[in-house]
A.B. asks: 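First the structure, then my questions, so here it is.
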Protein chains: 2
Amino acid sequence: MTKAPEKAPHRVTLEDVARRAQTSSITVSRALRRPEMVSEKLRARIAEAVTELGYVPDPAASALASRRSNVIGVLIPSVTNSVFADVLAGLYDTIAGQPFNAQLGNTRYAPGIEDALIRVFLGQRPAGLIVTGVDQSPVSRALLEAADCPIVQIMDLGNAPIDMMVGFSHRDAARTATEHLIARGYSCPAFIGARMDPRSERRLQGFRDALAAAGITEGARVVTTTTPSSVALGETLLAQLLAQAPETDAILCNNDDLALGVQFAALRRGIAIGPELGLCGFNDLEVMAAAHPSITSVRTFRREMGKLAIEMLLARIEGRDPDAKVRDLGYALMPRDSTRRDRA
Amino acid sequence: MTKAPEKAPHRVTLEDVARRAQTSSITVSRALRRPEMVSEKLRARIAEAVTELGYVPDPAASALASRRSNVIGVLIPSVTNSVFADVLAGLYDTIAGQPFNAQLGNTRYAPGIEDALIRVFLGQRPAGLIVTGVDQSPVSRALLEAADCPIVQIMDLGNAPIDMMVGFSHRDAARTATEHLIARGYSCPAFIGARMDPRSERRLQGFRDALAAAGITEGARVVTTTTPSSVALGETLLAQLLAQAPETDAILCNNDDLALGVQFAALRRGIAIGPELGLCGFNDLEVMAAAHPSITSVRTFRREMGKLAIEMLLARIEGRDPDAKVRDLGYALMPRDSTRRDRA
DNA sequence: ATGAAAGCGCTAACAC
DNA sequence: GTGTTAGCGCTTTCAT
């Protein structure tokens, strides 16, 4: 079987459907997009013709004529990070069945790539755009502000939304987690962080807020790296942390992968997670509750974020007002065995 | 700031660029797509005009005129499953910089959705299509065989490729893993599986192949469910397995999430992973090597699969022949502590 | 409620 | 190497 460009077999067009339904192409077009504008009888004939001929609309022609595509552009910094995978899941679930197509752009945490992708996406006259975070480059920001489609910034909050926003305060979330460690009686909490994108930096800030409020000095108990996060890295950072700050009795990890790695490393070193070393992750991936010991984490509402971002866009595309331009989804501390000093 | 549809400020077109460069739009078009067809002098003038005006091509117009879009459609059954996330990462890495756009379709393991998505994608006259697995519905298969673009089936192998294929034998991989368990002295290996899509079924088949070859009876040591996989499910399935087949001394898990869940559950029950219970996962996610004890798994080459799928498509789109129409990426057993009976 | 005409921005086909 | 013409399949605008 060859897949070489065979002679294109005439594509079924609105014209064809119209002929079959004994009407004009524009009426078919209307019947498909705004059925209420077409009489019931005609609508039925058209529907029949559509299925009989297997008509599929051409999005390119539609986009060209209407100067508006059905593309919803989604810019995320990483496809492998399961945090974003969850956002995407919520997003795809919500967009399914809607006449829109999510188109993914992978910025790889690089502002330059993000600028370029925004340009390309805007060139498609998207129905809407979803971008990650609130720390766009000046170039990106200018492009987005001039764009004539609705835009949602996700994953974070800030006081100067480009248009709409759905996220939560990373700083507050990390502060809450740190306060939990302190309340549980850990007196020398540490922070380890990988990747250290702007959201990670805000978490570190929240950690510091809590220490300051409790009058605890930070010492050398902050270890960060720009290396991408991984479970194995948790072990490395733990070693570094304990070497430079042996007084450490609890750790807030920038994310759950690191926390898991710390837990495995502690097991290996014979350190009792909970009694000897408190441990808290971030995001609350499914594995945290199932781990042994179970690991305390801060739950974030990632699927909901994807869902809401699409819903906000749809509202605006349909001319409705979204419930609010800025939505704070909050977070939820999930205390577990890894922060229990009295564990068996 | 309002994002309501403002008056569209005239889009920069080829015409505009042409006027500025004192030539015709078709020449600008050529200069952009096949620079070698345009004289060097003109090309320079055009390049200058393009940047000065900030020209961005309109993919819709291009698709309409050329009857060929720059979309590469990608159909996967799940966005959250990190196995597919890795494939996507390889795929996005490889497509970056190429004049193509990957467009994701989420089939959610439902043939009906897959049929519909294929229709929609084909309606875009894609440059190529990537579909997961070799078990398409008759409808999907017919659509794909009639499509006039190159197609790659990924994640599995089969003897009737629609066009091209890149994957590995799940059956052989599972057989190898089971043989490893048997070789390590485990005499009553079990299989637990979640989701049980066609690829999982083939792994189970491979498990059975190995038992048969070794003359081991299967007994009640196969526990499967159609529930989506998770770490927590590993614990549930382990309980069920041990209840119905207490003789079990090793487990091949359908994937790594389950294996991790089994390991945590074993820890909780005081079962020594390795000496008392052999454990093997599937896919070799990063966490397997970092776990304590480290967990034996079968490595699969997921990023490479994404990369190769794109490369094969690009080859065909550019009229070259891919190195081969069917590529077997194989797999690699990664023996670790979880299958060492002599572990401390 | 329905239709005719025009054109979205680009490229294929064919000149020169 | 460069330009002209026509048209991709749809929607907009304006008429009826």
Side-chain angles (χ1 to χ4, degrees), chain A residues 5 7-46 49-50 53-71 99 120 122-125 127 148, chain B residues 5 7-46 49-50 53-71 99 120 122-125 127 148:
Chain A
K7 198 188 141 290
H10 171 69
R11 178 185 178 113
V12 178
T13 69
L14 279 184
E15 231 6 274
D16 300 328
V17 177
R19 206 164 12 241
R20 178 124 186 173
Q22 307 183 74
T23 175
S24 68
S25 60
I26 180 60
T27 303
V28 177
S29 171
R30 283 199 273 250
L32 263 30
R33 288 175 302 131
R34 322 168 86 254
E36 72 280 5
M37 288 184 68
V38 176
S39 73
E40 202 153 335
K41 264 186 64 182
L42 238 185
R43 226 188 300 159
R45 279 216 316 276
I46 289 172
V50 163
L53 296 176
Y55 170 75
V56 179
D58 184 329
S62 167
L64 187 57
S66 67
R67 292 173 195 75
R68 184 52 73 207
S69 78
N70 71 343
V71 167
V120 170
L122 289 179
Q124 299 192 45
R125 302 196 190 77
D148 74 335
Chain B
K7 198 187 140 292
H10 171 68
R11 176 182 180 117
V12 178
T13 69
L14 279 184
E15 227 13 270
D16 300 327
V17 177
R19 205 165 13 244
R20 178 124 186 175
Q22 307 183 71
T23 174
S24 68
S25 60
I26 182 63
T27 303
V28 177
S29 170
R30 284 200 271 253
L32 262 29
R33 287 175 303 133
R34 320 167 87 254
E36 71 280 6
M37 288 184 68
V38 176
S39 74
E40 201 152 337
K41 264 185 62 182
L42 239 184
R43 226 188 302 158
R45 277 215 317 274
I46 289 172
V50 163
L53 297 176
Y55 170 75
V56 178
D58 184 329
S62 169
L64 187 58
S66 67
R67 294 176 194 71
R68 186 53 73 206
S69 78
N70 70 345
V71 167
V120 171
L122 289 178
Q124 300 193 45
R125 302 196 191 78
D148 75 333

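Numbers restart at 1 for each chain; the letters A, B, ... are given by sequence-line order, proteins then strands.
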A.B. asks: Using five pairs at either end of the helix from C/dA1-D/dT16 to C/dC16-D/dG1, determine the angle between the two local helix axes and round it to 10 degrees.
C.D. replies: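 Axis-to-axis angle, ends of the helix: 20°.
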A.B. asks: Could you tell me whether a side-chain N or O of B/Arg45 sits under 3.5 Å from a main-chain N or O of B/Ala21, the two making a donor and an acceptor?
C.D. replies: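 Yes, the answer is positive, given that a donor and an acceptor are paired below the 3.5 Å cut-off.
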A.B. asks: Quick one: does any side-chain atom of B/Arg11 pair with a main-chain N or O of B/Val56 as donor and acceptor, under 3.5 Å?
C.D. replies: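 Yes, B/Arg11 side chain to B/Val56 backbone: donor-acceptor pair under 3.5 Å.
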A.B. asks: Can you tell me how far apart CZ (A/Arg30) and OG (A/Ser25) are? Round to the nearest 0.5 Å.
C.D. replies: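 OG of A/Ser25 is found 9.5 Å from CZ of A/Arg30.
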A.B. asks: Ignoring hydrogens and angles, tell me if any N or O in the side chain of B/Ser69 forms a donor-acceptor pair with the backbone of B/Gln124 under 3.5 Å.
C.D. replies: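 Flag set: sc B/Ser69 to bb B/Gln124 pair under 3.5 Å.
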A.B. asks: Quick one: are B/Leu32 and B/Tyr55 in side-chain contact, heavy atoms under 4.5 Å?
C.D. replies: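 With C-beta onward as the side chain, the pair touches.
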A.B. asks: Please list, in numerical order, the residues of residues 57-66 of chain B that have a heavy atom closer than 4.0 Å to any atom of DNA chain D.
C.D. replies: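 Within this stretch, B/Leu64, B/Ala65 sit under 4.0 Å of the strand.
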A.B. asks: At their closest point, which heavy atom of A/Gly123 faces which heavy atom of B/Pro59, and how far apart are they?
C.D. replies: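 What the structure gives for the nearest pair is O-CD, 3.7 Å.
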A.B. asks: Would you name the heavy atoms of A/Thr23 and A/Val28 that are closest together and state the gap between them?
C.D. replies: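 Between these two residues, the closest heavy atoms are CG2-CG2, 4.0 Å.
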A.B. asks: Can you name the closest pair of heavy atoms from A/Ile46 and A/Ala31 and give their distance?
C.D. replies: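 For A/Ile46 and A/Ala31, the tightest heavy-atom pair comes out as CD1-CB, 3.7 Å.
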A.B. asks: Please list, chain by chain and in numerical order, all residues satisfying salt bridge (Lys or Arg N to Asp or Glu O under 4.0 Å) with A/Arg19, sequence neighbours excluded.
C.D. replies: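 A/Arg19: salt bridge (Lys or Arg N to Asp or Glu O under 4.0 Å) contacts with A/Asp16.
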A.B. asks: Can you check the A/Arg34 CZ to D/dT13 P distance for me, whole Å?
C.D. replies: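 In whole Å, D/dT13 P lies 12 Å from A/Arg34 CZ.
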A.B. asks: Earliest and latest nucleotide of DNA chain C, 5' to 3', sitting under 4.0 Å from a non-hydrogen atom of chain A?
C.D. replies: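 Counting from the 5' end, contacts occupy C/dA1 to C/dG9.
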A.B. asks: What integer distance in Å separates A/Arg125:CZ from D/dT11:P?
C.D. replies: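 So the CZ-P distance, A/Arg125 to D/dT11, works out to 14 Å.
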A.B. asks: Nearest whole Å is fine: how far is D/dG1 P from B/Glu40 CD?
C.D. replies: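 That distance rounds to 12 Å.
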A.B. asks: Check whether any side-chain heavy atom of A/Leu14 sits under 4.5 Å from a side-chain heavy atom of A/Ser29, and report yes or no.
C.D. replies: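 Yes. Closest side-chain heavy atoms under 4.5 Å.
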A.B. asks: Can you give each donor-acceptor pair under 3.5 Å made by side-chain atoms of residues 34-42 of chain A, sequence neighbours left out, with the distance rounded to 0.1 Å?
C.D. replies:
unit_1: A/Ser39; atom_1: OG; unit_2: A/Leu42; atom_2: N; d: 3.4

A.B. asks: Determine yes or no for a side-chain-to-main-chain donor-acceptor pair under 3.5 angstrom, with B/Arg68 supplying the side chain and B/Ala127 the backbone.
C.D. replies: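 Checked: no pair found.
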A.B. asks: Does anything in residues 16-33 of chain B reach DNA chain D, meaning a heavy atom under 4.0 Å, and if so which residues?
C.D. replies: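 Residues of residues 16-33 of chain B that come under 4.0 Å of DNA chain D are, in numerical order, B/Thr23, B/Ser24, B/Ile26, B/Thr27, B/Arg30.
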A.B. asks: Can you tell me how far CZ of B/Arg125 sits from CG of B/Leu64, rounded to the nearest 0.5 angstrom?
C.D. replies: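 So the gap between those two atoms works out to 7.0 Å.
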A.B. asks: Without decimals, in angstroms, what is the distance between B/Leu14 CG and D/dT2 P?
C.D. replies: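 Checked: the CG to P distance equals 16 Å.
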